[in-house]
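Side chains included, hydrogens not; waters and symmetry mates left out as well; all remaining heavy atoms used. Chain letters run A, B, ... following the sequence lines, proteins first and then strands; every chain starts at 1. Since we're looking at a predicted model, the values are computed, not measured.
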Amino acid sequence: MKNDFSNEKIAQLLRDVAASYTIQNEGKFRFQIIAYQKAADTIEGMTQQLRDLYSEDKLDNIPGIGTSISASLKELFSTGKVNHFESIMKDIPTPVFRLLEVPTFGPKKAYKLVTKFKLANPDTVFEDVKKLAEEGRIAELEGFGQKSEADILRALEEFKKGKTKTNRMPYPFAFELAEKMIEYLKKSPDVVEAFPLGSLRRKRSTIGDIDIAVATKKPQKVLDYFIDYPYLERIIEKGTATSSILTAGGKQIDLMTQNPDGFGSLLQHFTGSKQHNVHLREYALRKGLSLSEYGIKEKDKGVQKKFKTEEDFYQFLGLDWIPPEIREDEGEIELALKHNLPKLVELKDIKGDLHIHSSYPIEPSHDLGRTSMSDLLEKAKELHYEYLGFSEHNPSVGNHSEKEIYQIMKKRHKYIEDIKKYNKSIRVINLLETDILADGKVALPDNCLEFVDGLIVSVHSVFSMDKEKMTKRILKGLSHPKAKILAHPTARLINQREGLTADWNQVFEFAATNNKALEINSWPTRLDLPDTLVKQAKEMGVKFVIDTDTHDVIHMNNMLYGVSVARRGWCTKEDILNTLPFEKFYKWLTQ
DNA sequence: GCCGTTTTCGGCCCGACTGTTTTCAGTCG
């Protein structure tokens, strides 16, 4: 292969092709534009790298990528460029594509500015446009005016501060922002109901804008109240049914209103995903029905049928209600039609948490927990768990001799045995989170491991390694007879660190055949294994445990985030080992 | 350019809002 294009880069390239078509002749290329954008969406949501699929000759059968684009991708990987793309893009100056990163800049606006002012340098284009706006020259252009010039300046300023089209925050952070807004909205007497929608309701691991829906008979009053929000920075827009604001933290909140008798269709519409809705509407259209946030219209009649609840809306179309977490157009519509949707795992199914760092002084290689074992067990009772696994990091190998480590482990074992005597209501499992070293060995010698029931193994150092080496390393670590759970498998940190590169299919196959579990880690910036990989692994027969990776007793509340990831990965109770009662779980762990 | 439980040809989701316009273009979700 002559190059190393990431999915992200390829998606960007396809979007640039779509933008070029838009600039050339939007009407003529309408459906090509949609097709290229859809392909880009698909690629952005994939966890497998296209370049790997290409080298395995598996580029066909990706939904949204047909014969034409797949041929282009093959050309891209074998030659480093695509002639067809280049001919489409050749008359569009590169600064145009840079400007498209800025919210409110679409292809037409960007092209007009770049060509009218002959902006040639992609590296200075933001500064160049800013200068033109400050000099009042943009307002002179046809189709622009004082206001749009001011909007451009502001958009550039906010872009500089980090408001881009692609910037997303971790789910739990968005969740809190939304809660705060909903609490505020519910104080208004005109608000009948208020719900978070969009990717927030689908519980994606990262969230762009926050969407909120309100049922009301007085939309205008609610919108007025909305823009009175105390943490408002500015109003982005406000109409008769919807409004958008920027909050003090620079985050956008969109509000949609609807009469209570049509609230079901509003929920459905703004929960998305876009692909789910498009697919659902295409299906409805074939039956002569037109769907929107207001309800369902029969094609030839003008009457709008309204729906109070989502269940009614889906039912009218002959579908079962679909859990928001799987509304990603991954086959859920077909299954809902056949009344054959999976029953997804729920928080109340969880019977124990295995990844808990207590404050027990084990002199670890990484961070120690802050809460004592007995306080953690109290919390486990509160959560109605049956069992809890303590899994501090292994004692630091660099700072101790083998003999010392042996003593530390022996002492901890005795301590845990004592704890068990005093805590009869929660069963205690003696685990250890152990590093998989760069050579694939687990960090502790075998004789020190006789004191634990099982190992949680994980990668905590040397993250960049070539794919083959990393895969071997993980498989070797997981091969240890005591190793039962691979913790936060990709080691990604949302918005901070890319996941490590490994052949996940190989890892999943190994886990499935050797009865090893993969962890779904609930830590807000981990959420690892990521949902799309969970789905892939599940299809290969892999079992999971959902853990919190608790370092302080309050983290034990994070379990719901991991459950959301499992649900987005289509997991049922049967896929999750820590839904098992203690005896069965312990048997699996120690067999 | 993609796709198929009416189709391998002939369709392709539906609407809100703003700004610059007198009926629409552009962007967004």
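- Listed for the Tyr184(A) side chain is a donor-acceptor partner under 3.5 Å among the backbone atoms of Tyr225(A).
- Residue Lys147(A) places its side chain closer to dG19(B) than to any other of dG19(B), dG1(B), dC13(B).
- Side-chain N/O atoms of Ser292(A) include none lying less than 4.0 angstrom from OP1 or OP2 on dC14(B).
- Within 4.0 Å (heavy atoms only), Ser244(A) reaches no atom of the nucleic acid at all.
- Base pairing of dT8(B): no nucleotide in any strand meets the Watson-Crick or G-U wobble criterion (both distances under 3.5 Å).
- Among the atoms of the strands shown, none is found under 4.0 Å from any heavy atom of Leu337(A).
- Contact between the side-chain N/O atoms of Lys165(A) and the OP1/OP2 oxygens of dC28(B) is found at a separation under 4.0 Å.
- The Ser68(A) side chain lies nearest to dG1(B) when the options are dG1(B), dC28(B), dC14(B).
- Using a 4.0 Å heavy-atom cutoff across all strands shown, Arg286(A) reaches at least one base atom of the nucleic acid.
- Nucleic acid contact for Lys112(A): none, since no nucleic acid atom lies under 4.0 Å from a heavy atom of the residue.
- dT22(B) shows a glycosidic angle more than 90° from 0 and is accordingly assigned anti.
- Of the side-chain N and O atoms in Tyr36(A), none sit less than 4.0 angstrom from OP1 or OP2 of dC2(B).
- Using a 4.0 Å heavy-atom distance criterion, Glu26(A) is classed as making no nucleic acid contact.
- Between Thr242(A) and dC17(B) there is a side-chain polar atom (N or O) within less than 4.0 angstrom of OP1 or OP2.
- Phosphate contact (OP1/OP2 of dC13(B), side-chain N/O of Ser290(A), threshold under 4.0 Å): absent.
- Distances shown here put every side-chain N or O of Lys109(A) at or beyond 4.0 Å from the OP1 or OP2 atom of dG26(B).
- Residue His84(A) has a polar side-chain atom (N or O) positioned under 4.0 Å from OP1 or OP2 of dG1(B).
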